[in-house]
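Structure, as structure tokens:
This one's a predicted model, so the numbers in the text were calculated from it and none came from an experiment. Below, each value reflects all heavy atoms present in this structure, side chains not excepted, and no hydrogens, waters or symmetry copies.
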Amino acid sequence: MKTVIIGGVAGGASAAARLRRLDESAEIIILERGEYVSFANCGLPYYIGGAIKEKANLTLQTPQSFRARFRIDVRVQNEATAIDPDSKTVTVKELATGRVYQESYDNLILSPGAEPVLPDIPGIHSSRVFTLRNIPDTLKITNAIETLKPKEAIVVGGGYIGVEMAENLKQAGLSVTIVELSDHLIGPLDYDMAADIHRHIREKGVQLILKNGVEKIEEKNGRLAVTLQKGTVTGDILIMAVGVRPETGLAKACGIAANKRGSILVNRQMKTSKEGIYAVGDAVEIEDFVLKQPGFIPLAGPANKQGRIAADNICGIPSEYRGTQGSSILKMFDMTAASTGISEKTAVAAGIDYDKTYTYSASHASYYPGAQNMSVKALWDKKTGALLGAQITGFEGVDKRIDVLATAIRLGAKVTDLTQLELCYAPPYSSAKDPVNMLGYVAENIISGKMGQFFWHDVNTLPRDGSVTLLDVRTPLEVSRGHIEGFQNIPLDSLREHLSEIPKDKPVYVHCHSGLRSYIACRILTGNGYTCYNLAGGWRLYESVIHEKTVPEYICTECERHE
């Protein structure tokens, strides 16, 4: 059996290694257009920023190491230029010599990946404009930093690559501006969860320009002048990170079915529409695990799994890929953002009848030094209680909580099942009620009717005409540092003594800092005959979102600058 694999990195290299482990006699050939067959593409920004010191550390496997360990024939700088499914041959061009040859196959695996999107705007091909996909791209950027000595960098696009590049360019000593067309960074997050990220990034000295796009790039006096939809911004180099698209021209040219985006259509065995041809990684259309709908979620983890599944099926082992749920995590200086499943905006667009809540819990026991709170948002299906998605922003411990929630979604857990999870506890690592358990307890209270909720986006529409009671149960010191207009302050610990001041015939809307004390206040009020609603996420979340909405736009032009 002979298998030819077009493209290495995550999906292709994973498939090749799995094939060898399953079949010692198989002939396996990897055709890689570039110089590197298997490299840490997720680590590339950190080489630019200096966290990864040695270029060699980016290379996971070489043609020599593949040959030595797996007896796999890796041909770098060999570009597949055509596929003939009928004769089962691939036309290959040896880039170093120009020689063209034919390679036959019994099975073919396509792993071409996705390429950075380059918008069709004037100046996009300037020598000072860069994208980041592979090691050569990385070396171009580091060489530009060394030779051009730039002081200011512009990053266009506020997704994972854009934010990682912004951090690492800042670490490399540059002043950095992010330009993002959306109203918030990190698309898989909702606006309310991105607000903390915006504040943190600004505190680290990165300038954010949101709700603004690039229209033109010009070189002037050895610098870049970038015309935006509103205003201009200047810099020495520009990183274009507005997204990726599947690189599938080769597949489509030989008649393999693809969707409108260009993603290759595959079944759960990773088989394409052509016999004997499989496809894996960022080039394929996936099924969204939660929505059960087609999607495009380019991530390294799914690509590796798909490569393994394709190899299994080639070797006669029934294996299926059952969807991508988009579990992802991002470091931003010393802060972390993570998500899994669907976001609220996705749930709204899909017409799902969902509910949601927010919690704010310490990373470990609060009495043990160093505890830091994390903000958690979760969505669940109102009819079934199934956990649909979760987002977390914070510092220590975000990664392990999002992994627990990702596992819960994959195994079909209800949000209330989170109360039953027995998670490891010792004061340096967690609390007896882990943040994941706390999320389950809060959701259970909502679903069972023990607690009503209102949200940050409801606050400003609450009547201030006396028809409802608005109550702030924080301490006077907390209130002095910031408050919501129209809310009466009665600290929680003195609430029972002031019940006579609160009308029983009007609903009461309560908030505290995080939602915990106001929940206790609601239980006191409910126990005394009141109807009560708790502000999910509390003052902390409300203030974070409202603060973000009041941050002035930044516009830089040749004649004026205002912030």
Original post:
Would you call the rings of Tyr191 and Trp456 parallel, tilted or perpendicular, where under 30° means parallel and over 60° means perpendicular?
Top reply: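 Correct class here is tilted.
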
**OP:** Specify whether Phe455 and His457 have parallel, tilted or perpendicular ring planes, treating 30° as the upper limit for parallel and 60° as the lower limit for perpendicular.
**Re:**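 Aromatic pair Phe455/His457 classed parallel.
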
Original post:
When you measure from the side chain of Asp434 to the backbone N and O of Ser430, does any donor-acceptor pair fall under 3.5 Å?
Top reply: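 No, because the side chain of Asp434 does not come within donor-acceptor range (under 3.5 Å) of the backbone of Ser430.
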
Mind checking whether [X] and [Y] have side chains closer than 4.5 Å, heavy atoms only?
| X | Y | result |
| --- | --- | --- |
| His200 | Thr393 | no |
| Leu495 | Leu525 | yes |
| Leu439 | Thr419 | no |
| Asp288 | Gln325 | no |
| Thr359 | Leu516 | no |
| Ile264 | Thr248 | yes |
| Glu396 | His364 | yes |
| Leu208 | Leu185 | yes |

**OP:** Could you tell me whether Glu203 atom CD has more than 12 heavy atoms of other residues or ligands within 6.0 Å of it?
**Re:**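 Yes, because the 6.0 Å sphere around CD of Glu203 holds more than 12 heavy atoms from other groups.
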
Subject >> Those residues that, when tested against Glu247, pass salt bridge (Lys or Arg N to Asp or Glu O under 4.0 Å) (two or more places apart) >> reply: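 For Glu247 the salt bridge (Lys or Arg N to Asp or Glu O under 4.0 Å) partners, ignoring immediate neighbours, are Arg33, Arg133.
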
Original post:
Residues two or more places apart in sequence or in another chain: which of them pass salt bridge (Lys or Arg N to Asp or Glu O under 4.0 Å) with Lys292?
Top reply: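 Expected list: none.
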
Strictly below 4.0 Å, N to O, side chains only: are [X] and [Y] in salt-bridge contact?
| X | Y | result |
| --- | --- | --- |
| Arg517 | Glu478 | yes |
| Glu548 | Arg199 | no |
| Glu167 | Lys204 | no |
| Lys356 | Asp190 | no |

Original post:
Is the Tyr542 to His511 ring centre distance short of 6.0 Å?
Top reply: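 When the ring centroids of Tyr542 and His511 are compared, they turn out to be at least 6.0 Å apart.
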
Original post:
Is it true that Tyr509 and Tyr533 have ring centroids separated by less than 6.0 Å?
Top reply: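 Judged by ring-centre distance (under 6.0 Å), Tyr509 and Tyr533 do meet the cut-off.
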
Less than 6.0 angstrom from the centroid, inside 45 degrees of the normal: does [X] satisfy that with respect to the ring of [Y]?
| X | Y | answer |
| --- | --- | --- |
| Arg322 | Phe289 | no |
| Arg268 | Tyr321 | no |
| Lys433 | Tyr441 | yes |

**OP:** Could you give me the CA-CA distance, side-chain angles and deciding distance for Asp381 and Lys383, then say whether salt bridge (charged side-chain N to carboxylate O under 4.0 Å, His left out) is met?
**Re:** CA-CA 6 Å; Asp381 188 299; Lys383 296 184 181 69; 5.5 Å; no

Subject >> Leu132 vs Met165, side-chain contact (heavy atoms from CB on, under 4.5 Å): CA-CA, chis, key distance, verdict >> reply: CA-CA 9 Å; Leu132 184 64; Met165 280 303 304; 3.6 Å; yes

Subject >> Chi angles and distances behind the side-chain contact (heavy atoms from CB on, under 4.5 Å) call for Asp403, Lys400 >> reply: CA-CA 5 Å; Asp403 282 343; Lys400 71 175 183 177; 5.5 Å; no

Subject >> Given Asp355, Thr357, Val415, the one that forms side chain to side chain contact (heavy atoms under 4.5 Å, CB included) with Ile447 >> reply: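 Of all the options given, the one that passes is Val415.
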
Subject >> Of Val244, Asn259, Thr324, the residue whose pairing with Phe296 passes side chain to side chain contact (heavy atoms under 4.5 Å, CB included) >> reply: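 By the side chain to side chain contact (heavy atoms under 4.5 Å, CB included) criterion, Phe296 pairs with just one of Val244, Asn259, Thr324: Val244.
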
Original post:
Is a side-chain donor-acceptor pair under 3.5 Å present for Ser375 with Arg540?
Top reply: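 Judged by distance alone, the side chains do pair up.
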
**OP:** Would you tell me whether Gln391 and Ser339 have side-chain atoms, one donor and one acceptor, within less than 3.5 Å of each other?
**Re:**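 No, because no side-chain N or O of Gln391 sits under 3.5 Å from a partner of the opposite role on Ser339.
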
Original post:
Can you list every pair that meets side chain to side chain donor-acceptor pair (under 3.5 Å) and has a residue in residues 488-498, with sequence neighbours left out?
Top reply: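 Non-adjacent pairs meeting side chain to side chain donor-acceptor pair (under 3.5 Å): His498-Glu501.
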
